[in-house]
Protein chains: 2
Amino acid sequence: MNKKLENTEEKILQAAKQVFMKKGRAGARMQEIADEAGINKSLLHYYFRSKDKLFEAVFYEALNKSLPKIGNVLNADKSFFDKIRSFTYHYIDFFIDNPYLPIFILNEISSNPEIIIKLADQIGAKSNLFLNEITTAVDKSIIKPIDPRQLIINLISLCVFPFIAKPLAQALIFNNEEKEFLNFIEKRKIEVAEFIINSIRK
Amino acid sequence: MNKKLENTEEKILQAAKQVFMKKGRAGARMQEIADEAGINKSLLHYYFRSKDKLFEAVFYEALNKSLPKIGNVLNADKSFFDKIRSFTYHYIDFFIDNPYLPIFILNEISSNPEIIIKLADQIGAKSNLFLNEITTAVDKSIIKPIDPRQLIINLISLCVFPFIAKPLAQALIFNNEEKEFLNFIEKRKIEVAEFIINSIRK
DNA sequence: TATTAGTTTAACCATCTGGTCAAAAATAAC
DNA sequence: GTTATTTTTGACCAGATGGTTAAACTAATA
């Protein structure tokens, strides 16, 4: 009974995730989610009270999934450059498995910025961790002087943006061949780090 | 008569742009657009047959607005590095005035990739122009060897991504002070180019 | 086996939404 | 000033959509 419950709930979450990611919060239809999950529409409301609640569940699950890995990288006992290598590698690697997460999350935040408040603590702590790391590196003269905020935005931009622009890039630069694009992204796991390090190395 | 016609049509386009950018294609309501334009809802259908048609008009106007400037930069008689400087400067400058364009366009393409086909020619030509430019620079040994596709994606990532992540970045890194963020972006108009050049300079 | 609690379904509802239409208002043409 | 044309409006509609409800089904329990 419990197994069945979790099963249905999980099926709904999976289906909802798929539909919400593809159609967005407003574009998604409860009926479509139900169909995707192979259940009756009423069940959606039975497990999650409303469309909004369901969306929130999906959204926060997606978000929490993409956050924890980041902290680990920074706490490791590595050189600054190796931390950058590790960060970009794992970050890009994670998005290879979840390519629609970035645009899904950023789009939702963009059209509904208030939700950041709920997350400020979680994410804020981690970004500060990283900012401090960079500040230290600049202070210790390990890298060229640079505004840590510029560097961290550069870092994240280079990792995340290709996934947001995937359909466009794939069509324009990769002849609509997904293989080409994935191959390109695979190389980025290493190249992004070297691109950055090249730029800030003394 | 013509003046009034253009006026109303323009009012609608402006209002539609605002609402579509904020709410997205599916989330936008015709009534809200009408209200925003200060007119009757039926007028929307009088000028633009349907919501889809209206959206297309807004979308393509937005897109065409963001494209032409790019070509000019590349055709100028400048060194490769100065072209990068010029490109990043003007690109970021343009998005300062149109901060919601990137996520609007990319989000729409993401949830509706077919539309690229209509645009492939226009944009494709320009990105090829740039790719060739880079290939030449590599061949002539002006810069370190790098996959031109990686470089162009880096270039665009660094320019565009901050606008997509604006609400998130503003909250987490800039204490929700828009001034701080704008100031940061303003500096990027120059810093991005130097960051890139530092990395690829021999 | 009867009872109970949890799960699933089908039918239904109120509201919203894009869209139509005929008439009124405004403008242009004569 | 009258007619023709274009623009604008308000009332209306059909279909979609999120959500409700009561009944049916399932399975564990006593």
Side-chain angles (χ1 to χ4, degrees), chain A residues 1-62 104 107-108 111-112 114-115, chain B residues 1-62 104 107-108 110-112 114-115 118:
Chain A
M1 148 208 189
N2 206 6
K3 196 188 283 180
K4 198 167 190 178
L5 186 155
E6 282 180 7
N7 229 347
T8 304
E9 199 170 322
E10 193 52 38
K11 264 197 300 183
I12 292 177
L13 277 173
Q14 285 302 321
K17 182 180 169 182
Q18 221 170 305
V19 176
F20 276 129
M21 292 241 183
K22 198 174 166 190
K23 305 283 180 77
R25 182 183 201 144
R29 299 286 156 242
M30 293 297 267
Q31 187 60 58
E32 193 179 349
I33 295 173
D35 292 346
E36 181 71 35
I39 55 158
N40 189 286
K41 183 170 66 108
S42 301
L43 259 195
L44 299 183
H45 292 95
Y46 178 74
Y47 282 94
F48 306 83
R49 286 169 48 88
S50 66
K51 188 186 183 185
D52 276 345
K53 288 273 199 304
L54 177 56
F55 180 85
E56 276 200 18
V58 169
F59 182 76
Y60 287 116
E61 195 189 79
F104 175 68
N107 191 51
E108 181 55 25
S111 67
N112 200 5
E114 312 88 59
I115 58 176
Chain B
M1 149 208 188
N2 208 5
K3 194 188 284 180
K4 196 167 192 179
L5 188 154
E6 283 180 7
N7 228 349
T8 304
E9 200 169 323
E10 194 51 38
K11 265 196 299 182
I12 293 176
L13 278 174
Q14 286 302 322
K17 182 180 168 183
Q18 222 171 305
V19 176
F20 276 130
M21 291 243 183
K22 196 174 167 192
K23 305 282 180 81
R25 183 183 201 146
R29 301 284 158 241
M30 294 297 268
Q31 186 58 58
E32 193 180 348
I33 296 173
D35 292 346
E36 182 72 36
I39 54 159
N40 189 287
K41 184 169 65 108
S42 302
L43 258 196
L44 298 182
H45 293 95
Y46 177 75
Y47 281 93
F48 305 82
R49 288 169 47 89
S50 66
K51 187 185 183 186
D52 277 345
K53 288 272 199 304
L54 176 55
F55 179 85
E56 275 199 19
V58 169
F59 182 77
Y60 287 116
E61 195 190 80
F104 174 69
N107 191 50
E108 182 56 25
S110 173
S111 67
N112 200 4
E114 312 87 61
I115 59 175
K118 296 184 187 171

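Note that this is a predicted model, so its numbers are computed, not measured. Residue numbering restarts at 1 for every chain, and letters A, B, ... go by the order of the sequence lines.
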If you restrict it to nitrogen or oxygen atoms, what contacts under 3.5 Å exist between nucleotides 20-25 of chain C and the protein, and what is each distance?
{"residue": "dT20(C)", "atom": "O4", "partner": "S42(B)", "partner atom": "OG", "Å": "3.0"}

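- dG18(D) atom P lies 16 Å from atom CZ of F48(A), rounded to whole Å.
- Rounding to whole angstrom units, CD1 of residue I12(A) and P of dT7(C) are separated by 11 Å.
- Remark: P of dT8(C) and CD of E9(A) are 11 Å apart, rounded to the nearest angstrom.
- In this structure, Y60(B) and I115(B) have side chains that are in contact, with non-hydrogen atoms separated by less than 4.5 Å.
- In this structure, Y47(A) places its OH atom 13 Å from C1' of dT9(C), rounding to the nearest Å.
- For F104(B) and F20(B), the gap between ring centers reaches or exceeds 6.0 Å.
- Here the C1' atom of nucleotide dC25(D) and the CD1 atom of I39(A) are 16 Å apart, to the nearest Å.
- Near-neighbour residues of DNA chain C inside residues 13-34 of chain B, defined by a heavy atom below 4.0 Å, number-ordered: A28(B), R29(B), M30(B).
- Side-chain nitrogen and oxygen atoms of Y46(A) include none within less than 4.0 Å of the OP1 or OP2 phosphate oxygen of dG6(C).
- Formation of a donor-acceptor pair under 3.5 Å by the K53(A) side chain with backbone atoms of H45(A) is not found in this model.
- Atom-to-atom, NZ of K51(B) to P of dT17(C) comes out at 9 Å; the value is rounded to the nearest Å.
- Side-chain contact check for L13(B) versus Y47(B): every heavy-atom pair is 4.5 Å or farther apart.
- Electrostatic pairing of E32(B) and K23(B) counts as a salt bridge here, judged by a charged N lying under 4.0 Å from a carboxylate O.
- In this structure, E56(B) pairs ionically with K118(B), as a charged nitrogen and a carboxylate oxygen lie closer than 4.0 Å.
- A straight line from CG of L43(B) to C1' of dA26(C) spans 13 Å, rounded to a whole angstrom.
- For S42(B) and N40(B), the side-chain atoms include at least one donor-acceptor pair closer than 3.5 Å.
- Side chains of Q18(A) and Q14(A): no donor on one and acceptor on the other come within 3.5 Å.
- The distance from atom CG of L44(A) to atom P of dT21(D) is 17 Å, rounded to the nearest whole Å.
- Under the 4.5 Å side-chain criterion, counting only non-hydrogen atoms from C-beta, D52(A) is in contact with R25(A).
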